[in-house]
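Chain naming here is simple, since letters A, B, ... match the order of the sequence lines and numbering starts at 1 in each. Here the structure is a predicted model, which means the values were calculated and not measured.
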Amino acid sequence: MTDATPAAPSPAPSDFIRDIVAQHVAEKRYPQIVTRFPPEPNGYLHIGHAKSICLNFGIARENGGQCNLRMDDTNPTKEDVEYVESIMQDVNWLIGDWADHCLGFKAHGQTPVTVSVNGQPDFQIPAHFPAREKSVALEPFFASDYFDQIFEYAVALIKKGKAYVCDLSPEDTDKYRGAPDKPGTDSPYRNRSIEENLDLFMRMKAGEFPNGARTLRAKIDMSLPNVWLRDPLLYRIRHTAHHHTGDKWCIYPMYDFAHCLSDYIEGITHSICTLEFEVHRPLYDWILENLGLPRPLPHQYEFAKLIPSHMIVSKRKLIHLVNEKLVSGWDDPRLPTISGIRRRGVPACALRRFAIGVGVTKFDSMTDIAVYEHAVRDELNSIALRRLAVVDPIKVVLTNIPAGETIEVDAVDNPQSETPTTRKVPFTREVFIEREDFAEVPPPKYFRLKPGGEVRLKYACIIKCDEVVKDAAGNVVEIRCTADLDSRAGGPNSGKKVKGTIHWVSAAHAIDAEVRLYDRLFTAAEPDAGGDFTKNVNPKSLVTVTGKLEPSLAFATQEQRFQFERLGYFTLDSKDSAPGKLVFNRTITLKDTWAK
RNA sequence: UGCCCGAUGGUGUAAUGGUAGCACAGCAGAUUCUGAAUCUGUUUGUCUAGGUUCGAUCCCUAGUCGGGCAGCCA
């Protein structure tokens with residue numbers, strides 16, 4: 001992409017989960033460390049998922065293990081293949097060449113096989129690695145591929161007298177569950193015979209009952225303080241086609257039943273999830289332990305999810321922004337979705353560094369968006385090609401340069417590079433500068449161009465402002481200056497110091513491009529703190545202008561990252577840009593420490 | 001008013017019985033053909049009360065505050 005050196009890799013992270021994994025590795029508890037990233041395909045991945053992805057894949061790569069991508073698709077009424085596609089794309093982009101070698105997939109269409117472990121039947125599913133098995137048709141794991149096996153496990157639980165079919169209505173099920181501070185009541189169907197339970201469960205599967213008529217429940221204890229242990233539902237009836245299994249099933253396992261078993265079947269060792277699942281852990285363990293499984297069991301570990309300031313990550317609110325057309329879609333560059341972040345021009349490496357850098361703890365906290373922005377700037381600073389572009393142009397005429405003369409000046413592509421390269425930029429009598437870089441009545445400590453003042457045109461020479469031309473309304477339309485050609489690089493006055501250096505582009509050579517100036521979507525640190533988060537939408541989160549760009553930018557490619565000098569970092573828009581009709585997105589501004 | 005989890009500068013985190021450190025943000029200065037980057041310096045912290053100990057951010061007890069849990073969602 002560029003010859004610039006990427007930012008140095010951060011030291012290996014350490015946190016309480018990695019400590020646990022390290023201990024397990026030391027005691028050789030598992031043959032290999034296997035984690036998983038299990039999104040439900042019912043929405044787009046966002047920056048919060050990025051933290052989870054980096055944690056799970058990070059642990060896998062640090063331990064020579066693997067991390068399975070698994071669609072947690074046990075609820076057909078909410079899920080869709082559209083999301084499966086976007087999730088795969090986002091994960092692939094994020095882990096890039098950082099952890100792609102750990103990415104676990106399965107053979108296309110593969111479902112678990114029955115094997116014998118210690119003389120006991122066992123379900124397993126072999127993993128494949130798209131990074132090194134390119135000729136094989138592979139796909140992510142799907143919890144729905146295990147429906148047959150999960151059903152078998154349910155039958156096993158029934159046979160052990162540890163699960164029963166319950167006829168309570170949804171409302172009654174709620175009532176019988178009690179409350180956190182009040183014990184529940186046993187279901188009247190709790191003590192059905194194993195035979196009756198088996199018969200009823202088979203008939204549930206066969207589609208004999210309508211939605212909501214019956215459920216399969218674990219038989220635990222209705223008086224336990226943890227409500228998730230009060231005979232939790234294992235299966236519900238849903239006469240709905242599934243995006244992956246079609247109309248094969250009309251009963252679907254609940255998250256709690258499917259998740260631990262999916263983990264087990266895939267041979268997951270460390271099942272890492274967010275804090276709200278902490279109270280589910282006893283159930284996760286109960287199911288696995290009561291099935292008498294022959295292999296080592298996976299265990300669940302919880303961490304606090306990422307809460308970034310100035311962003312909204314709630315799926316419901318994200319959908320609202322999309323549906324109300326407050327943004328252009330799920331990949332709007334202002335959204336904290338991974339697709340939006342990617343389209344904005346943020347390198348995967350920068351997102352990763354942020355997601356890893358925030359750390360892993362067990363307490364909720366809000367991460368200042370400035371930390372994210374710093375990670376983005378820092379990465380971009382080291383890789384972005386410097387270019388000259390003017391976003392709000394005003395014409396400057398250099399009266400002592402003849403019309404028609406073109407002076408080629410050398411401009412550095414990236415001063416951060418160990419071996420900086422240069423390019424030629426045309427410099428002529430008429431140039432555009434940024435309107436902001438001229439002040440007829442300058443505030444104190446204003447370093448830029450002012451009447452009678454001098455400023456350096458970067459890579460070219462120092463100019464002096466002689467005259468300000470205004471229109472009838474008093475607006476400045478042109479600035480007339482004298483160029484000190486001896487102050488060019490290598491010239492006798494090249495060492496002359498002026499306080500300000502500004503960017504410019506030759507009017508005759510400039511190319512026009514649409515430039516989308518993106519800013520934070522929300523002005524408030526906690527957009528939804530005061531009720532209606534849409535009230536906090538930043539009206540200037542997108543300002544579209546026509547910019548004047550240096551001619552070399554006509555050949556910009558999608559992969560390149562640019563710094564428009566003194567303005568910020570820019571990237572071609574992946575959707576709307578076309579040759580001859582360029583569209584640039586501002587990823588982020590440069591840090592601005594000049595007190596306004 | 002049940003159970004579970006947690007609490008370190010403005011923010012995010014490290015220190016697992018022995019000098020409270022790092023990053024971001026802030027401030028001051030140096031430097032600069034980007035008011036960027038870089039460099040230097042710097043302000044601000046262990047929730048409270050007891051206990052154990054030569055010594056406690058760390059272990060124990062109580063309190064305070066915060067979060068989570070009562071979907072046939074995940």
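- Comparing the P positions of G12(B) and G67(B) gives an interatomic distance of 14 Å, to the nearest angstrom.
- With a cut-off of 3.5 Å on both pairing distances, the Watson-Crick and G-U wobble pairs of RNA chain B assemble into stems of 3 or more at B:2-7 with B:64-69, B:10-13 with B:21-24, B:26-30 with B:38-42, B:47-51 with B:59-63.
- Distance noted for atom P between U57(B) and U32(B): 46 Å (whole Å).
- For Ala525(A), the side chain to side chain contact (heavy atoms under 4.5 Å, CB included) partners at least two apart in sequence or on another chain are Ser309(A), His310(A).
- With sequence neighbours excluded, no residue forms a ring pair (Phe, Tyr, Trp, His ring centres under 6.0 Å) with His239(A).
- Applying the side chain to side chain contact (heavy atoms under 4.5 Å, CB included) rule to Pro225(A) yields no partners; only residues at least two apart in sequence or on another chain are considered.
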(Q) What does the B/S/- profile of nucleotides 58-74 of chain B look like, 5' to 3', with a 4.0 Å heavy-atom cutoff to protein? (A) ---------SBSBSBBB
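- At whole-Å resolution of the value, NZ in Lys305(A) and C1' in G12(B) are 16 Å apart.
- One P atom belongs to C4(B), the other to C60(B), and the distance between them is 15 Å to the nearest Å.
- With its glycosidic angle more than 90° from 0, G66(B) adopts the anti conformation.
- Rounded to an integer number of Å, the gap from Tyr301(A) OH to C4(B) C1' is 18 Å.
- Between Lys362(A) atom NZ and C4(B) atom P there is a gap of 13 Å when expressed in whole angstrom units.
- Atom CD in Glu526(A) sits about 14 Å away from atom C1' in G10(B), given to the nearest Å.
- G17(B) and U40(B): their C1' atoms are spaced 36 Å apart (whole Å).
- For Asp73(A), the salt bridge (Lys or Arg N to Asp or Glu O under 4.0 Å) criterion is met by no residue, not counting sequence neighbours.
- Remark: Arg387(A) pairs with Asp413(A), Ser552(A) by the side chain to side chain donor-acceptor pair (under 3.5 Å) rule, at least two apart or across chains.
- Distance noted for atom P between G63(B) and A23(B): 40 Å (whole Å).
- Note on ring orientation: taking the six-membered ring where Trp is involved, the planes of Phe570(A) and Phe564(A) are parallel (angle under 30°, cut-offs 30° and 60°).
- As judged by a 4.0 angstrom heavy-atom cut-off over every strand, Asp368(A) is placed among residues touching the sugar-phosphate backbone only.
- Residues His259(A) and Phe277(A) place their aromatic rings such that the two centres sit no closer than 6.0 Å.
- If you take atom C1' in U43(B) and the same atom in C47(B), they sit 22 Å apart, rounded to whole Å.
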Can you give each donor-acceptor pair under 3.5 Å made by side-chain atoms of residues 498-505 of chain A, sequence neighbours left out, with the distance rounded to 0.1 Å?
| from | atom 1 | to | atom 2 | distance (Å) |
| --- | --- | --- | --- | --- |
| His503(A) | ND1 | Ala389(A) | O | 3.0 |
| His503(A) | NE2 | Glu434(A) | OE1 | 3.4 |
| Trp504(A) | NE1 | Lys458(A) | O | 2.6 |

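- Geometrically, Arg238(A) does not engage Tyr252(A) in a cation-pi contact, judged by NZ or CZ lying under 6.0 Å from the ring centre and within 45° of the ring axis.
- For the pair Phe303(A) CZ and U13(B) P, the computed distance is 12 Å after rounding to whole Å.
- Applying the side chain to side chain contact (heavy atoms under 4.5 Å, CB included) rule to Asp172(A) yields the partners Leu168(A), Ser169(A), Lys175(A), Tyr176(A); only residues at least two apart in sequence or on another chain are considered.
- Atom CZ in Arg281(A) sits roughly 13 Å away from atom C1' in G6(B) (whole-Å rounding).
- Spacing of P atoms, A14(B) relative to G50(B), comes out at 29 Å, to the nearest Å.
- The same atom, C1', is picked in G18(B) and in U46(B); the two are 16 Å apart, to the nearest Å.
- Asp19(A) has its CG atom 15 Å from the P atom of U13(B), to the nearest Å.
- Atom CZ of residue Arg352(A) and atom CD1 of residue Ile53(A) lie 11.0 Å apart, to the nearest 0.5 angstrom.
- One interatomic measurement links the two molecules: CD1 of Ile356(A) to C1' of A23(B), which rounds to 15 Å at whole-angstrom precision.
- Legend: residues meeting salt bridge (Lys or Arg N to Asp or Glu O under 4.0 Å) with Lys51(A), ordered by chain and number and at least two apart, are absent.
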**Q.** Per-nucleotide protein contact string for nucleotides 31-39 of chain B (B base, S sugar-phosphate only, - none; heavy atom under 4.0 Å)
**A.** --BBBBS--
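- Arg190(A) meets the salt bridge (Lys or Arg N to Asp or Glu O under 4.0 Å) test with Asp186(A), Asp231(A); sequence neighbours excluded.
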